[in-house]
A.B. asks: 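Below is one structure. I have some questions about it.
These numbers come from the heavy atoms of this one structure, side chains and all, not from hydrogens, waters or symmetry mates.
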Amino acid sequence: MTVPSSSSDLPSAPSSDPGTRRAELEDALAAVRARVADAARAAGRDPGEVGLLAVTKTWPAQDVALLTDLGLTAFGENKEQEGAAKAAELAELRPEAAPRWHIVGRLQRNKARSLVRWAHAVDSVDSARLVDALESAAAKALDAGEREGPLEVLVQVSVDADPTRGGAPVAEVPELADRVAGCAHLHLGGLMTVAPQDVAPEEAFATVSDLAARVRAAHPHATALSAGMSGDLEAAVAHGSTCVRVGTALLGRR
Ligand SMILES: *Cc1c(COP(=O)(O)O)cnc(C)c1O
């Protein structure tokens, strides 16, 4: 397994020339796709089963525009305000693109009402109170004609239950998934996880993969398992990830 922990093949600073930046992103995207495909084949999986969410936090909308030119259709942000601004800017830069925007970071409940105006998915739902806030915000936004369709929700699992990193403890996840599934304006997509620093990623992803199977047994349509980032995507794909969330390996060091 090749995990480029130092990412030494990445340019130290992104190019400010759009043509050069596009070429940088194209190379990085090809490398990430190759890593995902190799990991999928090694696990006996079809590479087409693993989606790619480009995590664009801290990077400009111009980079998102270039990534849409290269065929990417899903982007992740960890802050509501930054995401809202970038989504609006991208709509100016690439009116035809219409990508899907995901929130992948910790979300305060008072941001729910703004978020449902522009985001398609929240991958980091970890409490009943947040579920209720999103349901009520999505209902209001639909009523007001500010969004179409339900908000896609993933329940974030914290394997080590460290409260500072976000995510619900394993034991609470089935009940949270049930709660999301019971909301008229939310759609339960599945689970998300970030491997904890002090647990081997293989072990963390194996735990979440078992949990995802339990959740799927109760909610057969909840097939998404968002797991794996720049440093550990191979281990996640080996354990059934259906979506890797990649920032650094695509865009460079933040
Ligand atoms: C930043 C972030 C990523 C991407 O991490 P990289 O290591 O830069 O690929 C993925 N998931 C979440 C939740 C993040 O906050």
A.B. asks: Counting N and O atoms only, with roles assigned by atom type, does the side chain of S230 sit under 3.5 Å from a partner on the main chain of A249, one being a donor and the other an acceptor?
C.D. replies: yes
A.B. asks: List the steps, then state whether side chain to side chain contact (heavy atoms under 4.5 Å, CB included) holds for T242 with T223.
C.D. replies: CA-CA 8 Å; T242 64; T223 53; 6.0 Å; no
A.B. asks: If Ile, Leu, Val, Met, Phe, Trp and Tyr residues are connected whenever their side-chain heavy atoms lie under 4.5 Å apart, and connections chain through other members, are V55 and V50 in the same group?
C.D. replies: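 Not linked; separate clusters.
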A.B. asks: Is there a side chain to side chain contact (heavy atoms under 4.5 Å, CB included) between T73 and R100 once you walk through the steps?
C.D. replies: CA-CA 6 Å; T73 55; R100 284 177 64 81; over 6 Å; no
A.B. asks: What pairs with R41 under salt bridge (charged side-chain N to carboxylate O under 4.0 Å, His left out), at least two apart in sequence or on another chain?
C.D. replies: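 With sequence neighbours excluded, R41 shows a salt bridge (charged side-chain N to carboxylate O under 4.0 Å, His left out) to D38, given in chain and number order.
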A.B. asks: Could you report the tightest heavy-atom contact between P174 and R214, atom names first, then the distance?
C.D. replies: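 That would be CG-NH2, 3.3 Å.
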A.B. asks: Looking at CD of E89 and NZ of K86, how far apart are the two atoms once the value is rounded to the nearest 0.5 Å?
C.D. replies: 9.0 Å
A.B. asks: In terms of hydrophobic clustering (I, L, V, M, F, W, Y; side-chain heavy atoms under 4.5 Å; direct or indirect links), are L70 and V244 co-clustered?
C.D. replies: yes
A.B. asks: A side-chain contact here means heavy atoms from C-beta on lying under 4.5 Å apart; do L107 and L134 qualify?
C.D. replies: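 Counting from C-beta outward, L107 and L134 do come under 4.5 Å.
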A.B. asks: Look up atom CG in L66 and atom CG in L72, then write down how far apart they are to the nearest 0.5 Å.
C.D. replies: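 The distance works out to 11.0 Å.
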A.B. asks: Looking only at heavy atoms, which two atoms of A112 and A133 are closest? And how far apart?
C.D. replies: CB-O, 3.9 Å
A.B. asks: Just checking, any donor-acceptor pair under 3.5 angstrom between side chains of T56 and E77?
C.D. replies: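 The criterion, which ignores hydrogens and geometry beyond distance, is satisfied for E77 and T56.
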A.B. asks: In terms of side-chain geometry, is the basic nitrogen of R21 or E24 positioned less than 4.0 Å from the acidic oxygen of its partner?
C.D. replies: yes
A.B. asks: Looking at side-chain heavy atoms only, is the closest gap between E146 and R113 below 4.5 Å?
C.D. replies: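 Of all side-chain heavy-atom pairs linking R113 with E146, at least one is under 4.5 Å.
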A.B. asks: Flag yes if L154 and I103 sit in one hydrophobic cluster, no otherwise; membership is Ile, Leu, Val, Met, Phe, Trp, Tyr, and two members link when side-chain heavy atoms are under 4.5 Å apart.
C.D. replies: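 Different clusters: L154 never reaches I103 through Ile, Leu, Val, Met, Phe, Trp or Tyr contacts under 4.5 Å.
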A.B. asks: Within the side chain of R106, is there an N or O that forms a donor-acceptor pair under 3.5 Å with the backbone of D126?
C.D. replies: no
A.B. asks: With no hydrogens and no angle check, is any side-chain donor or acceptor of R245 less than 3.5 Å from a backbone partner on G247?
C.D. replies: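 Flag not set: sc R245 to bb G247 has no pair under 3.5 Å.
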A.B. asks: Donor-acceptor pair, distance only, cut-off 3.5 Å: does the side chain of K79 make one with the backbone of K57?
C.D. replies: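 Such a contact is absent between K79 side chain and K57 backbone.
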A.B. asks: May I ask you to decide if A65's main-chain N or O and T68's side chain share a donor-acceptor pair within less than 3.5 Å?
C.D. replies: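 Indeed, once roles are kept as given, a pair shorter than 3.5 Å links the two residues.
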A.B. asks: Can you measure from OG (S241) to CD (E49) and round to the nearest 0.5 angstrom?
C.D. replies: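 Atom-to-atom, S241:OG and E49:CD are 10.5 Å apart.
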A.B. asks: Donor-acceptor pair, distance only, cut-off 3.5 Å: does the side chain of S226 make one with the backbone of M192?
C.D. replies: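 No, the answer is negative, given that no donor and acceptor are paired below the 3.5 Å cut-off.
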A.B. asks: Can you check whether A184's main-chain N or O pairs, donor with acceptor, with E135's side chain at less than 3.5 Å?
C.D. replies: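 At least one qualifying donor-acceptor pair exists.
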A.B. asks: Does a side-chain N-to-carboxylate-O contact under 4.0 Å join R109 and D132?
C.D. replies: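 No, no charged N to carboxylate O under 4.0 Å.
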A.B. asks: Tell me whether R147 contacts the main-chain N or O of A141 through its side chain, where contact means a donor paired with an acceptor under 3.5 Å.
C.D. replies: no
A.B. asks: Quick one: does S127's side chain get under 4.5 Å of L176's, heavy atoms only?
C.D. replies: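 Side chain of S127 against side chain of L176, heavy atoms only: no contact under 4.5 Å found.
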A.B. asks: Any side-chain donor-acceptor pair under 3.5 Å between R165 and S158?
C.D. replies: no
A.B. asks: Just wondering, more than 12 heavy atoms not from Q62 lying within 6.0 Å of its CD?
C.D. replies: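 Above 12, so yes.
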A.B. asks: Which pair of heavy atoms, one from V199 and one from E203, lies closest together, and at what distance?
C.D. replies: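 Reported closest heavy-atom pair: CG1-OE2, 3.8 Å.
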A.B. asks: To the closest 0.5 Å, what do you measure between CD (Q156) and CG (L191)?
C.D. replies: 10.5 Å
A.B. asks: Could you go step by step and tell me if L250 and L25 meet the side chain to side chain contact (heavy atoms under 4.5 Å, CB included) rule?
C.D. replies: CA-CA 6 Å; L250 267 184; L25 293 173; 5.6 Å; no
A.B. asks: Could you pull out the closest heavy-atom pair between G105 and S124, with the gap in Å?
C.D. replies: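 So the two residues come closest at O-OG, 2.6 Å.
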A.B. asks: Please confirm whether the backbone N or O of T58 pairs with a side-chain atom of E82, one donor and one acceptor, at under 3.5 Å?
C.D. replies: yes
A.B. asks: Do V170 and V157 touch side chain to side chain, with heavy atoms closer than 4.5 Å?
C.D. replies: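 V170 vs V157: side chains touch.
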A.B. asks: Rounded at 0.5 Å granularity, tell me how far SG in C243 sits from CG in L52.
C.D. replies: 7.0 Å
A.B. asks: Taking the side chain as every heavy atom from C-beta outward, state whether V64 and L67 have any atom pair closer than 4.5 Å.
C.D. replies: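 Contact flag for V64/L67 side chains = no.
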A.B. asks: Rounded to the nearest 0.5 Å, what's the gap from NE2 on H102 to CG on D123? Could you check?
C.D. replies: 5.5 Å
A.B. asks: Scan L186, V125, V131, V153 and name whichever one has a side chain to side chain contact (heavy atoms under 4.5 Å, CB included) with R179.
C.D. replies: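 So the option named by the test is V131.
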A.B. asks: In terms of hydrophobic clustering (I, L, V, M, F, W, Y; side-chain heavy atoms under 4.5 Å; direct or indirect links), are L225 and V180 co-clustered?
C.D. replies: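 Shared cluster, yes.
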A.B. asks: Give me each pair satisfying ring-ring contact (aromatic ring centres under 6.0 Å, His included) with a member in residues 218-254, each pair once, sequence neighbours excluded.
C.D. replies: H187-H221
A.B. asks: For V237 and F205, run side chain to side chain contact (heavy atoms under 4.5 Å, CB included): C-alpha distance rounded to whole Å, both residues' side-chain angles, the deciding distance at 0.1 Å, then the answer.
C.D. replies: CA-CA 9 Å; V237 169; F205 294 139; over 6 Å; no
A.B. asks: I want to check something: taking the side chain as every heavy atom from C-beta on, are V159 and V208 in contact at a cut-off of under 4.5 Å?
C.D. replies: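 In short, these two side chains touch, coming nearer than 4.5 Å.
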A.B. asks: How far apart are the closest heavy atoms of W59 and G252, and which atoms are they?
C.D. replies: CZ2-O, 3.4 Å
A.B. asks: Check whether any side-chain heavy atom of V36 lies under 4.5 Å from a side-chain heavy atom of P47, and answer yes or no.
C.D. replies: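 Result no, sub-4.5 Å side-chain heavy-atom pair not found.
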A.B. asks: Which residues pass the ring pair (Phe, Tyr, Trp, His ring centres under 6.0 Å) test with F75, not counting sequence neighbours?
C.D. replies: W101
A.B. asks: Does S16 offer a backbone N or O that forms a donor-acceptor pair with the side chain of T20 under 3.5 Å?
C.D. replies: no
A.B. asks: How far apart are the closest heavy atoms of P201 and A235, and which atoms are they?
C.D. replies: CB-CB, 4.3 Å
A.B. asks: Can you tell if the side chain of L53 reaches within under 4.5 Å of the side chain of V104, non-hydrogen atoms only?
C.D. replies: yes
